[in-house]
2 protein chains.
Amino acid sequence: MKFNRKPIPVSEAVNKVMEDKRYGGYEEIPLNQCENRVLAEDITATHPIPPFDKSPYDGFALRSEDTRIADRDNPITLKVIEEIGAGHRASRPIRSGEAVRIMTGAEIPEGADCVAMFEICQTHERDGENYMTIKRKMDKDQNIIQQGSETKEGEILVEKGVHINPGVKALLATFGYSTVKVGKKPLVGVFATGTELLEVDEALVPGKIRNSNAYMIEAQVRRSGGEVKYCGKLDDEFDTCFNAVKRALDEVDILITTGGVSVGDYDLMPDIYEKLGADVRFNKIAMRPGSVTTVAEHEGKLLFGLSGNPSACYVGFELFVYPIIQAYKGKANQFHKKIEATLGQDFPKPNPFTRFVRGFMHFQEGKVFVSPAGMDKSAVVTSLARTDVLIMLPGGTRGFEKGDKVEAILLEDYIGQASFE
Amino acid sequence: MKFNRKPIPVSEAVNKVMEDKRYGGYEEIPLNQCENRVLAEDITATHPIPPFDKSPYDGFALRSEDTRIADRDNPITLKVIEEIGAGHRASRPIRSGEAVRIMTGAEIPEGADCVAMFEICQTHERDGENYMTIKRKMDKDQNIIQQGSETKEGEILVEKGVHINPGVKALLATFGYSTVKVGKKPLVGVFATGTELLEVDEALVPGKIRNSNAYMIEAQVRRSGGEVKYCGKLDDEFDTCFNAVKRALDEVDILITTGGVSVGDYDLMPDIYEKLGADVRFNKIAMRPGSVTTVAEHEGKLLFGLSGNPSACYVGFELFVYPIIQAYKGKANQFHKKIEATLGQDFPKPNPFTRFVRGFMHFQEGKVFVSPAGMDKSAVVTSLARTDVLIMLPGGTRGFEKGDKVEAILLEDYIGQASFE
């Protein structure tokens, strides 16, 4: 072993990693490509909403004072001078005794101050002219959606740092953002290490297993909003390994290796960090799985040495790499959301260290439950398929029972939170 | 009006739409592109996991019977005949009196039946040979992960119809699926209708608003796992409109128009459905917003006429188009997950009809809350930005108070459920 392994608490490890976070800057992209990116500018109302007084119904726009004395016994008749649909405007202001037939969403003509719905009016024609009759008094501003009643011009509607969902995109369109400033995506390089690994299309041979971690990390990086470059499989020969890592570091923003950081004799990563001159921030964390997760920094870039064990690799990614990717993109809430939930199933195993159990969220009668996704042997890859939360069980506990209150980290939530705690 | 508008209940409308659902078939794609697709084949264990008896630790593989009489006063010494790392195999079976130095994940050599961790052994060299000493008795199968102990060969691990997340992808890699059969994505055409609409890059002029719905729907289609073709803006001229719709129907699997289905005089869609010979399944739903949502069927393809109002359009998409897209992709759970939650805020407005309020989910002390994302005026586009649930308030109610139990439809959940109810 080339370096001392002193386990540090999980939250300390997360904070240490975040000291090296880096914002990747922004780029301006077409509106139709902005989904799932992070806003790098505030969305400001470039005009009031609605931009003009408008009608919420199909009906007649008129002057309320013309109906002052209208009632069932005293119908008032107004001349319908024109008809305007949404997107059209009246050709002139209306005068006393006049009305305009108006469609939902259309601009209220000058002079009119209310809208009477079709349902309460009668219409007739006489000498080629149109008339409408109303038997009730209308109030000023009745059935008018006022300009700016929803949003004033200049108002900040969504602050930068937010994930772009369909609603945010609709707002961008409404206010004429045909291009959008969004945080750049980091390019994340991924190496798999270990001679026991076969590529996915290779036949299984005795003693070997297929490389699944690189594919899994690829999916995790994309789910986090990053881009991936699979750098291939590192073998156990030092110089080849070192050169490959060095070359990759020039090309990517963040580098992940999986495997090769255990205490096994064949672990080359410590020597590679040393020869690179990388500063190892920590190499052991008081947690299960993933205790051997290593994070090093080299010329402003982070190198994540995740365990070769699939579950440890998965957990290490979500705890340490995920927030670094969010920071790179400029997301305001860089961490996964953490909630309190009820354990849906016994977890009898004692936890000398903080344990992250892959689990899934379910709901019943207004309560949120989390249940382990499978047996929690750290090599069980199958349980990852159902995982959408990490159940966080504190160290120094003797197991948990169904119904206990636990904390859970949501992996598929876009809101997130501003700190790890 | 070209057709009768008879409002039908929401669940009846959903069921009617689903009668016309259509599976789009599957395609085989490379593993590294499969994220967020739907599995069109079961994932079967093509080999047991682990594929061989393996070591969970770094240590010595040996024959337990050799340690039968070992204790603190009676250390046993074995000859270390070789050393195997993960991915390597022993060159020959071990015999009595022998041990093999073995790394985590490596295959147990033939003849060995347990692993003693480094921590409990001493090593020494003599005459160029390596030896290890152990002071305690080992049991048969101790520290051995048995072949097939996690998964038997032939076991179905994930059934088709499931959304592919990072864990599912890891499983695919583990079992050698270098290509994956996934459900095809539907191509969804989107038209915006209405002369009041400007394109996003046009300057605002009096009486007009920008087209935001088409961009929003584009994002909703992609979030649902479909592909989008923006067909442009339809104007109010019938023949142009009709030809554009007819041409689009030849090119896409599902067609959405937004706007042009209200009771306004300028509504051309009913005439277009009629001239096409499309069968209008329904054109009015007892719900708010989105009551004028229209669904028609033409030669096996569905035409969705969503309201031009942004919120009504959003809700109409998630209730009716979303499950049709899931069915096309072959997803087993075609509907959004519906949960019971506690209302986090008063909603005093009476609900003569079923109302879908855009809201967001939050958690506290193990309970799940949903709160309206903004004032619920149906034209308020800004509230959509925070929306990740639709709060479903039953019709015939006089408003709800903070703390009331309500139902909520989750919009960003990948699990879903098999029926709308």
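Chain A is the first sequence line, chain B the second, and so forth, proteins listed ahead of strands; every chain is numbered from 1. Note that the structure is a prediction, hence the values are computed from the model and not measured.
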Exceeds 12 heavy-atom contacts within 6.0 angstrom, atom NZ of Lys233(B): yes
- prompt: Would the number of heavy atoms belonging to other residues, nucleotides or ligands and lying under 6.0 Å from CD of Gln146(B) be above 12?
  reply: yes
Toward chain B, the part of [X] with a non-hydrogen atom under 4.5 Å:
X: Leu411(A); value: neither
X: Tyr177(A); value: backbone
X: Tyr215(A); value: both
X: Leu410(A); value: side chain

Among [options], which residue has the highest count of heavy-atom pairs closer than 4.5 Å to chain A?
options: Gly176(B), Ala214(B), Ala106(B), Ala203(B); result: Gly176(B)
options: Pro206(B), Gly105(B), Pro56(B); result: Pro206(B)
options: Lys337(B), Glu107(B), Gln220(B), Arg222(B); result: Arg222(B)
options: Glu365(B), Glu202(B), Arg89(B); result: Arg89(B)
options: Lys405(B), Glu199(B), Lys208(B); result: Lys208(B)

Could you tell me which non-hydrogen atom of [X] sits nearest to which non-hydrogen atom of [Y], and how far apart they are?
X: Met216(B); Y: Pro166(A); answer: CG-O, 3.6 Å
X: Ser212(B); Y: Ala173(A); answer: CA-CB, 3.6 Å
X: Thr387(B); Y: Asn165(A); answer: O-ND2, 4.0 Å

query: Are Ile415(B) and Asp388(A) close enough that some pair of their side-chain heavy atoms sits under 4.5 Å apart?
result: yes
message: Would you compute the distance between atom CG of Leu204(B) and atom OG1 of Thr174(A) and round it to the nearest 0.5 angstrom?
response: 10.5 Å
- prompt: So which of Asp413(A), Val168(A), Val368(A) has the largest heavy-atom pair count under 4.5 angstrom toward chain B?
  reply: Val368(A)
task: Flag the one option from Ile209(A), Leu31(A), Thr342(A) with the top tally of heavy-atom pairs under 4.5 Å to chain B.
output: Leu31(A)
Electrostatic pair Glu340(B):Lys367(A) at N-O distance under 4.0 angstrom: no
query: If you measure from the Lys or Arg side-chain nitrogens to the Asp or Glu carboxylate oxygens, is any gap between Glu218(A) and Lys169(B) under 4.0 Å?
result: yes
message: At a 4.5 Å cut-off on heavy atoms, which part of Asn211(B) comes close to chain A: side chain, backbone, both, or neither?
response: backbone
query: In chain order, what residues pass the ring pair (Phe, Tyr, Trp, His ring centres under 6.0 Å) check against Tyr414(B), with sequence neighbours excluded?
result: His163(B)
query: Taking only residues two or more places apart in sequence or in another chain, which ones pass side chain to side chain donor-acceptor pair (under 3.5 Å) with Arg210(B)?
result: none
